[in-house]
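Working notes for the structure below.
This is a predicted model, so every value here is computed, not measured. We name chains A, B, ... by the order of the sequence lines, and we start the count at 1 in each one.
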Number of protein chains: 2
Amino acid sequence: MPSDRTRALILDAAERLYAERGFGDVTLRDIVAAAGVNLAAVNYHFGSKDELIAELFVTRGIANNRERLTELKAAEVAGGGRADVKAILHALIGPTLRGCLGPENERSTASRFMIRASIESVPPIRRIKNREVDHLRKFAVAMRRALPDCDEADIYWGLHFALAMAHQTTRDAERLTKLSDGQCDVDDVEAVIDRIVDAAAMTLTVRTTASKSPEGAAPARRAERLRG
Amino acid sequence: MPSDRTRALILDAAERLYAERGFGDVTLRDIVAAAGVNLAAVNYHFGSKDELIAELFVTRGIANNRERLTELKAAEVAGGGRADVKAILHALIGPTLRGCLGPENERSTASRFMIRASIESVPPIRRIKNREVDHLRKFAVAMRRALPDCDEADIYWGLHFALAMAHQTTRDAERLTKLSDGQCDVDDVEAVIDRIVDAAAMTLTVRTTASKSPEGAAPARRAERLRG
DNA sequence: TTGCAATTCAAACAATTGTATGAAACTATG
DNA sequence: CATAGTTTCATACAATTGTTTGAATTGCAA
């Protein structure tokens with residue numbers, strides 16, 4: 001009859017503190033204080049600090065991946081087995097962005113924790129992170145179906161850029177707001193998502209006409225089809 | 001007659017170690033060991049660990065900004081007072097990327113240190129970082145000149161996306177390589193730069209035709225001119 | 001109730017880290 | 001040479017951190 005209460009309290013407090021202040025600034029004593037439990041409880045229930053972090057990461061990672069895949073499947077069903085480019089990108093970056101931007105009270109600690117985890121590469125997480133590639137491959141497969149004539153490398157670059165823009169927007173939202181004097185509204189989450197999706201979709205579907213380096217340093221995209 | 005030798009040794013070792021392993025994993029003892037100097041030398045020459053980091057950051061930041069501005073000015077001169085979109089973006093992301101990608105031996109510890117600094121937001125750096133916005137504003141001004149009819153917010157988003165793609169590419173080069181089974185060649189630095197410049201330029205200059213959200217969540221770009 | 005295992009707790013431990021100290025070594029000037 | 005100022009060095013200090021320990025407490029079954 002294990003008492004999961006303390007365990008859950010620790011997980012909640014740890015996730016919240018890590019999401020807010022990052023891994024470097026949060027000690028076990030901070031966590032147990034926030035959770036209202038004894039210091040030794042962490043080692044009793046999780047074995048070590050690293051195992052606590054790892055458990056948080058795998059749990060949240062699985063949930064996040066599932067959310068993305070659910071949206072991808074839905075898009076594939078809606079498209080009769082083949083999702084279109086924008087829908088795929090939307091499924092890839094939507095879930096995370098929705099949890100990280102927008103009004104403070106609507107953000108999820110889960111998403112913010114995952115962003116932290118992908119920023120500060122702390123050892124226990126680094127060891128697990130390899131599985132992410134397998135997850136992304138599913139989106140590459142879907143994208144290849146949506147753009148059968150597109151160069152394969154370009155597809156990977158497109159996914160990479162979509163993730164890059166999404167990721168950096170959650171990181172540097174403040175800088176962007178300051179730089180633009182508030183003209184860039186990062187609180188309108190769906191608009192931000194659409195903007196990033198549009199940008200990434202363009203890199204995948206628009207043929208570059210005037211290349212700066214004519215000797216082919218940047219290979220021309222070979223996509224003809226845009227079904228958004 | 002101050003002996004700058006020890007000082008320089010510390011700066012070099014610190015920059016290299018921070019660039020390689022990040023701020024979290026490097027202690028003063030690691031630095032002095034690598035520099036071959038005494039532990040107390042750090043506090044003697046810099047006052048504290050934080051001041052050492054801050055000095056590194058401002059020095060390298062200034063150098064990096066100067067490099068970017070030099071390229072921007074050159075592009076403006078070449079364009080008769082007005083640089084074109086791609087040239088501006090090239091000046092913005094080129095210097096950093098050149099120092100962070102490509103063959104190991106050609107990378108600069110300076111660039112990699114700056115990337116680290118922008119990733120792990122350590123207190124002494126966070127305090128200084130605000131000046132970055134003023135620096136970026138110069139690129140916004142140049143871009144407004146290149147795209148007089150472009151919506152202002154779109155310009156900021158474009159710069160933001162360019163930085164995002166560049167930044168994330170230096171961070172996740174390994175993942176991209178693994179995901180693409182080596183099909184995405186991140187070692188061809190100039191090709192990568194061109195690719196990112198192209199992508200960012202597209203978000204600024206290509207009018208989106210089919211928007212996913214017709215009620216205007218993602219405002220249509222208003223740029224007509226592409227002078228690449 | 002009694003007994004036993006699971007859990008909680010206060011306290012201590014060991015290691016690490018940034019910083020400070022005071023003596024020693026060095027350098028240049030008188 | 002002598003001496004004052006600068007720099008280096010070994011060492012110690014104080015604070016923090018993850019972890020461990022052993023006793024107390026709790027919850028439940030016999």
Partner of A:E71 under salt bridge (Lys or Arg N to Asp or Glu O under 4.0 Å), picked from A:K138, A:R66, A:R98, is A:R98
_Under a 3.5 Å distance rule, please check whether A:R29 uses its side chain to pair with a backbone N or O of A:L39 as donor and acceptor._
no
Open item on the list: Is the ring pair B:F139/B:H135 parallel, tilted or perpendicular, if the boundaries are 30 and 60 degrees?
Closed with: perpendicular
Check whether any side-chain nitrogen or oxygen of B:N38 sits under 4.0 Å from OP1 or OP2 of D:dA10, and answer yes or no. yes
Angle separating the five-pair end axes of the helix from C:dT1-D:dA30 to C:dG30-D:dC1, nearest 10°, is 10°
Indicate yes or no for a side-chain donor-acceptor contact from A:D30 to the backbone of A:T27 under 3.5 Å, with no hydrogens or angles considered. yes
Indicate, with a heavy-atom threshold strictly under 4.0 Å, whether A:A41 touches base, sugar-phosphate, or nothing. nothing
Within residues 22-31 of chain B, those residues having any heavy atom closer than 4.0 Å to DNA chain C are B:T27, B:L28, B:R29
> For B:L92, does its backbone N or O pair with a side-chain atom of B:R68 as donor and acceptor, under 3.5 Å?
Replying inline: yes
query: Just checking, is any N or O donor in the side chain of A:S121 or A:R126 under 3.5 Å from an acceptor N or O on the other one?
result: yes
In whole angstroms, the gap separating C1' of C:dA10 from CG of A:L39 amounts to 10 Å
Rounded to whole Å, CZ of B:R7 lies from P of D:dT6 at a distance of 16 Å
Separation of C:dG22 atom P from B:Y44 atom OH, nearest Å, is 16 Å
message: Check this one for me: any side-chain N or O of A:T6 less than 4.0 Å away from OP1 or OP2 of C:dT8?
response: yes
Between CZ of A:R5 and C1' of C:dT7 the distance, given in whole Å, is 13 Å
With B:M165 as partner, the option from A:H160, A:Q168, A:M165 fulfilling side-chain contact (heavy atoms from CB on, under 4.5 Å) is A:M165
| query | Does the A:T203 side chain pair with the main chain of A:A200, one donor and one acceptor, at a distance under 3.5 Å? | reply | yes
So, OP1 or OP2 of C:dT8: does either fall under 4.0 Å of a side-chain N or O from A:H45?
yes
Rounded to whole Å, CG of A:N43 lies from P of C:dC9 at a distance of 15 Å
Q. Under 6.0 Å between ring centres, would you say that holds for A:F23 and A:F113?
A. yes
Rounded to whole Å, the NZ-C1' distance (B:K49 to C:dT16) equals 12 Å
